[in-house]
There are 2 protein chains.
Amino acid sequence: MSLDLTTARDWLAVAVEEARLGLAEGGIPIGGALVAADGTVLGRGHNRRVQDDDPSMHGETSAFRNAGRQRTYAGTTMVTTLSPCWYCSGLVRQFGISRVVVGEATTFFGGHEWLADNGVEVLVLEDPECIGLMTDFIAARPELWFEDIGEDPA
Amino acid sequence: MSLDLTTARDWLAVAVEEARLGLAEGGIPIGGALVAADGTVLGRGHNRRVQDDDPSMHGETSAFRNAGRQRTYAGTTMVTTLSPCWYCSGLVRQFGISRVVVGEATTFFGGHEWLADNGVEVLVLEDPECIGLMTDFIAARPELWFEDIGEDPA
């Protein structure tokens with residue numbers, strides 16, 4: 001079943017709240033939430049590279065981890081403020097997460113089209129608040145951003 | 001530079017040691033190690049789903065995490081006892097890890113060919129000890145294994 005835009009935006013607000021928490025902690029402002037088919041938030045989280053000195057905790061993996069062990073991800077939605085990188089896209093594909101709601105794919109274009117090609121329902125909102133968060137962050141801390149995606153600063 | 005088989009097997013032994021540690025802890029016997037170009041083990045780890053109640057810690061992500069923050073992964077090798085799932089394959093691709101040494105791809109076939117298609121050097125050893133570890137584990141704990149890869153038991 002396709003998601004209506006109002007619900008998608010409500011869910012995105014949870015991920016944005018996480019991104020803002022991360023920013024307030026001095027971290028990279030990317031947040032995520034794993035949401036069940038009935039709208040229950042199973043887990044929410046944000047990038048923790050700086051806070052925990054942990055490169056494995058992106059917004060999506062943090063939300064996934066905080067949801068704990070689940071027998072199935074059928075019907076779940078991964079909500080993320082930013083297009084999922086290959087690492088987080090691989091997470092979605094491997095665990096059979098049914099849908100991805102992407103806050104924006106303007107400042108970074110990850111694997112969401114690959115996911116769509118592999119049967120995941122993808123909704124890209126191009127939310128101005130999400131775009132603003134990352135635009136400001138990349139301008140302020142480019143070295144930290146490029147470290148987080150394993151790229152050399154251009 | 002291609003890796004010689006003796007070195008690859010030496011590195012795999014570290015991952016196998018990790019897998020056996022995980023098994024002894026009651027966990028899923030998959031281990032990994034992230035190795036620098038000069039052979040230094042930057043991080044090693046094993047699947048921690050059971051031990052930490054953490055679905056995000058596969059053998060490879062655990063090794064990656066334990067290596068801590070790195071500015072670049074150029075020249076590094078991810079060594080894993082088992083073909084990397086999409087989640088762990090995405091990790092390798094996103095962070096530009098140069099090479100993957102796979103203990104075996106017999107009991108599970110993940111994304112290593114996708115990685116090879118995307119410029120990662122891939123070496124599959126089909127190591128009998130690795131095959132034996134997973135064959136025995138899947139027979140003993142099928143429900144746990146299928147949970148770990150997000151699949152329904154057939």
Side-chain angles (χ1 to χ4, degrees), chain A residues 28 32 34 42-43 45 47-74 76 78 83-98 108 110-112 114-115 118 120 143-144 146-153, chain B residues 27-28 32 34 42-43 45 47-74 76 78 83-98 108 110-111 114-115 118 120 143-144 146-153:
Chain A
I28 301 170
L34 184 69
L42 301 170
N47 188 299
R48 303 197 63 83
R49 173 176 294 270
V50 172
Q51 296 91 321
D52 297 343
D53 220 22
D54 184 353
S56 76
M57 282 296 115
H58 276 190
E60 299 91 328
T61 50
S62 182
F64 177 81
R65 177 191 222 179
N66 291 335
R69 288 170 61 180
Q70 305 276 335
R71 188 57 201 85
T72 178
Y73 293 87
T76 63
M78 179 63 81
S83 173
C85 77
W86 285 117
Y87 173 43
C88 298
S89 295
L91 177 88
V92 168
R93 180 167 177 186
Q94 184 62 46
F95 289 97
I97 293 170
S98 300
F108 175 76
H112 61 275
W114 177 72
L115 289 175
N118 283 285
V120 178
E143 79 300 342
L144 188 52
F146 287 111
E147 180 190 313
D148 197 54
I149 50 171
E151 284 185 12
D152 289 323
Chain B
I28 301 170
L34 185 69
L42 301 169
N47 188 299
R48 304 198 61 83
R49 172 177 294 271
V50 173
Q51 295 92 320
D52 298 342
D53 219 24
D54 184 353
S56 76
M57 283 297 115
H58 276 190
E60 298 91 327
T61 51
S62 181
F64 176 81
R65 178 191 221 180
N66 290 337
R69 289 170 60 180
Q70 305 277 336
R71 187 57 201 85
T72 178
Y73 293 88
T76 63
M78 179 63 80
S83 173
C85 77
W86 286 117
Y87 173 44
C88 297
S89 296
L91 177 88
V92 168
R93 180 167 177 185
Q94 184 62 46
F95 289 97
I97 293 169
S98 301
F108 175 76
W114 177 72
L115 289 174
N118 283 284
V120 178
E143 79 300 340
L144 188 52
F146 287 112
E147 180 190 313
D148 196 55
I149 51 170
E151 284 185 11
D152 288 323

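In what follows, chains carry the letters A, B, and so on, assigned in the order in which the sequence lines appear, proteins first and then strands, with residues in each chain numbered from 1.
- For A/D148, the part sitting under 4.5 Å from any heavy atom of chain B is the backbone (N, CA, C, O) and nothing else.
- The two residues B/G68 and A/P55 have their closest heavy-atom pair at O-CG, 3.5 Å.
- Residue B/Q94 forms a side chain to side chain contact (heavy atoms under 4.5 Å, CB included) with just one option from A/S89, A/C85, A/P84, A/C88, and that option is A/C85.
- A/F95 and B/H58 have tilted rings, their planes meeting at an angle from 30° to 60° on a 0 to 90° scale.
- Put simply, the side chain of B/L144 reaches to within 4.5 Å of the side chain of A/R69, judged on heavy atoms.
- Ranked by non-hydrogen atom pairs under 4.5 Å with chain A, the options B/G96, B/G150, B/G90 are led by B/G90.
- Heavy atoms of A/Y73 lying under 4.5 Å from chain B belong exclusively to its side chain.
- The aromatic rings of A/W114 and B/W114 lie parallel to each other, with less than 30° between the two planes, well short of the 60° mark.
- Here the shortest heavy-atom pairing between B/R71 and A/E147 reads NH1-CA, 3.6 Å.
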